[in-house]
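Report on the following structure.
If you're wondering where the values come from, they're calculated on a predicted model, not measured in any experiment. Residue numbering restarts at 1 for every chain, and letters A, B, ... go by the order of the sequence lines. Only heavy atoms go into these numbers, but all of them, side chains included; no hydrogens, no water, no symmetry mates.
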Amino acid sequence: MAEPLLNVAGVTLQYKTPEHLVTATYRVDFQVFPSDRFVLLGPSGCGKSSLLKSVGGFLKPVEGEIRLSGSEVERPGPDRMMVFQEFDQLPPWKTVKENVMFPLTASGKLGRREAEERARAYIAKVGLERFADVHPHMLSGGMKQRVAIARALAMEPAILLMDEPFAALDALTRRKMQEELLYLWEEARFTVLFVTHSIEEAIIVGSRILVMSPHPGRVKAELDADAFDHRAVGGEAFQRLQTRIHNMLFADRVESHG
Amino acid sequence: MADDTAKPAPPKRPEFERTLPPLGAVGDVARPLSGFERLINLTSTRRILIVLVLAAAWQAYGAWLSNPLIFPPFASVIDALWDSIARRGLLWRAWASIAVLAKGYLIGVVLALAITALAVSTRVGSDLLSTLTAMFNPLPAIALLPIALLWFGLGETSLVFVLVHSVLWPLALNTHAGFTAVTDTLRMAGRNYGLSGIRYVALILIPAAFPSILAGLKIAWAFAWRTLIAAELVFGVSSRSGGLGWFIFENRNELNIPEVFAGLVMVILIGLAMEGVVFRAIEARTVRRWGMQR
């Protein structure tokens with residue numbers, strides 16, 4: 001097997017609230033390989049978002065280490081572009097094109113001219129050519145998320161980090177965005193680490209699913225889901241996997257209530 | 001079942017599916033507004049109408065009172081305004097005021113930015129800013145004039161000193177509030193790009209907090225303008241070319257009441273121009289265009 005691109009080894013994450021020291025994850029291990037669509041799945045409180053943030057370099061593990069291509073992750077950086085759930089992730093003072101260019105020029109990766117060219121190409125990929133010179137407040141939620149995805153992909157990062165990127169969208173748009181993401185992946189075969197709490201979304205989007213149990217977050221299972229996309233929804237194998245994951249998550253809840 | 005009749009149920013209807021014909025007969029989706037509608041939609045038109053109504057009321061009341069020493073009618077104030085501009089150098093006086101104001105305002109803005117940059121980067125700075133604004137923001141700048149006169153003497157430096165005081169605290173307070181209101185997502189997005197330090201402040205925090213900063217600039221301008229006119233009522237910028245406040249004071253002493261009103265109208269006009277032209281232009285190009293303000 002090839003070398004893992006991202007190695008998360010024994011990572012314990014803690015954060016402080018004014019009254020408590022909360023343990024978000026406890027000794028989590030997983031490995032992401034190039035071109036994986038790696039999904040972190042679990043109920044709220046399983047620390048999946050915290051885990052993604054620590055891969056992003058925003059949260060330092062109190063135990064364990066995170067290595068990307070062999071070197072330890074210490075601070076945020078443009079080699080790990082994030083797509084957030086919130087629509088306000090796009091600076092409102094920049095047009096769609098400027099938003100996609102912003103990380104390219106701010107990180108010094110490209111000059112203005114090349115950045116503009118690349119921004120145009122990626123805006124076209126997500127089908128927003130007509131809106132390139134519009135400010136984000138004129139766009140719908142789905143379009144804003146498309147811009148965020150174009151912005152991240154244009155950086156051609158080592159790994160794309162997506163924190164429930166479609167959770168705030170309506171069901172129809174969400175479905176369409178999942179399809180588009182798979183289509184983009186089919187084309188460029190980037191590596192993505194994707195956080196969700198929807199079993200269905202995990203199976204559709206993911207090639208590999210890490211199922212996590214809550215309070216604190218621990219790894220419950222790692223499953224293969226490469227065979228499934230939208231066409232598989234409702235199929236027998238899809239349903240079986242869905243039920244299996246459901247039981248894993250649900251069993252936990254029964255235990256903790258019992 | 002016996003109670004089927006008691007429970008209401010929706011009636012069974014046949015299903016149907018349609019192939020929709022292309023639109024065409026619906027007509028225009030968007031119809032241009034008429035000229036009058038567009039005119040009345042302009043904020044400036046509506047505001048000018050309000051000013052005209054107020055001026056008419058002033059004229060009517062002044063004519064009815066017919067006591068120009070207490071309340072001269074609008075027409076004679078306009079006469080006096082015109083006369084002051086043409087023969088007594090009112091514009092020159094206004095310019096003297098604005099020049100002093102600009103100095104104090106600029107120094108205040110720079111200091112406010114410096115102190116808020118300190119406040120967002122260190123905890124001591126943040127405590128310092130909170131304490132200082134809590135102490136000095138409620139203190140009327142004009143109350144510092146006697147001390148300023150003691151320190152800097154009768155002249156422009158004293159005026160600039162009180163102006164800086166009137167600009168610094170409200171602007172620092174607003175800017176700081178704006179910085180702290182920048183959402184976590186936007187902060188993370190900025191740091192994700194690898195931005196830090198002064199570039200992070202300049203490229204993320206300042207534009208993201210711009211609505212608050214602009215509000216602070218407007219408040220600071222109004223504070224400064226009031227403070228300046230009030231201070232000039234006490235003494236002129238220099239004995240020969242006093243500003244607008246001094247013009248008002250002089251004319252009151254000589255009982256040229258229409259000229260006093262003309263001076264006041266000038267103060268108001270400059271205020272309106274700043275608000276209605278300068279700040280509105282900045283707003284239209286920034287926060288409105290960005291959808292951060294309606």
Interface moiety of B:Met188 toward chain A, non-hydrogen atoms closer than 4.5 Å:
both
Is A:Glu156 salt-bridged to A:Arg118, going by a charged N under 4.0 Å from an acidic O?
yes
Kindly say whether the aromatic ring centers of B:Tyr193 and A:Phe102 come within a distance under 6.0 Å.
yes
Portion of A:Leu90 that has a non-hydrogen atom of chain B nearer than 4.5 angstrom
backbone
Would you check, one step at a time, whether the test side-chain contact (heavy atoms from CB on, under 4.5 Å) holds for A:Asp133 with A:Lys97?
CA-CA 6 Å; A:Asp133 296 317; A:Lys97 192 179 77 192; 3.9 Å; yes
Engaged part of A:Lys53 at the chain B interface, taking heavy atoms whose separation is under 4.5 Å:
side chain
Name the region of B:Arg289, side chain, backbone, both or neither, that has any atom closer than 4.5 Å to a heavy atom of chain A.
both
With A:Lys176 via side chain to side chain donor-acceptor pair (under 3.5 Å) - residues at least two apart:
A:Glu180
Could you tell me which portion of B:Leu203 (side chain, backbone, both or neither) has an atom closer than 4.5 angstrom to a non-hydrogen atom of chain A?
both
Structural part of A:Arg151 lying under 4.5 Å from a heavy atom of chain B
side chain
Just so I understand: if I count every heavy-atom pair under 4.5 Å between each of B:Gly194, B:Ala189, B:Pro207 and chain A, which residue has the most?
B:Pro207
Top of B:Asp184, B:Val287, B:Asn192 for chain A proximity - count of heavy-atom pairs under 4.5 angstrom
B:Asn192
Interface residue of largest heavy-atom contact number with chain B, from A:Ser107, A:Pro91, A:Ala148, A:Ala106, under 4.5 Å
A:Ala106
Parallel, tilted or perpendicular: ring planes of B:His165 versus B:Trp169, cut at 30 and 60 degrees
perpendicular
If you measure from the Lys or Arg side-chain nitrogens to the Asp or Glu carboxylate oxygens, is any gap between A:Arg112 and A:Glu117 under 4.0 Å?
no
Is the ring centre of A:Phe38 less than 6.0 Å from the ring centre of A:Phe33?
no
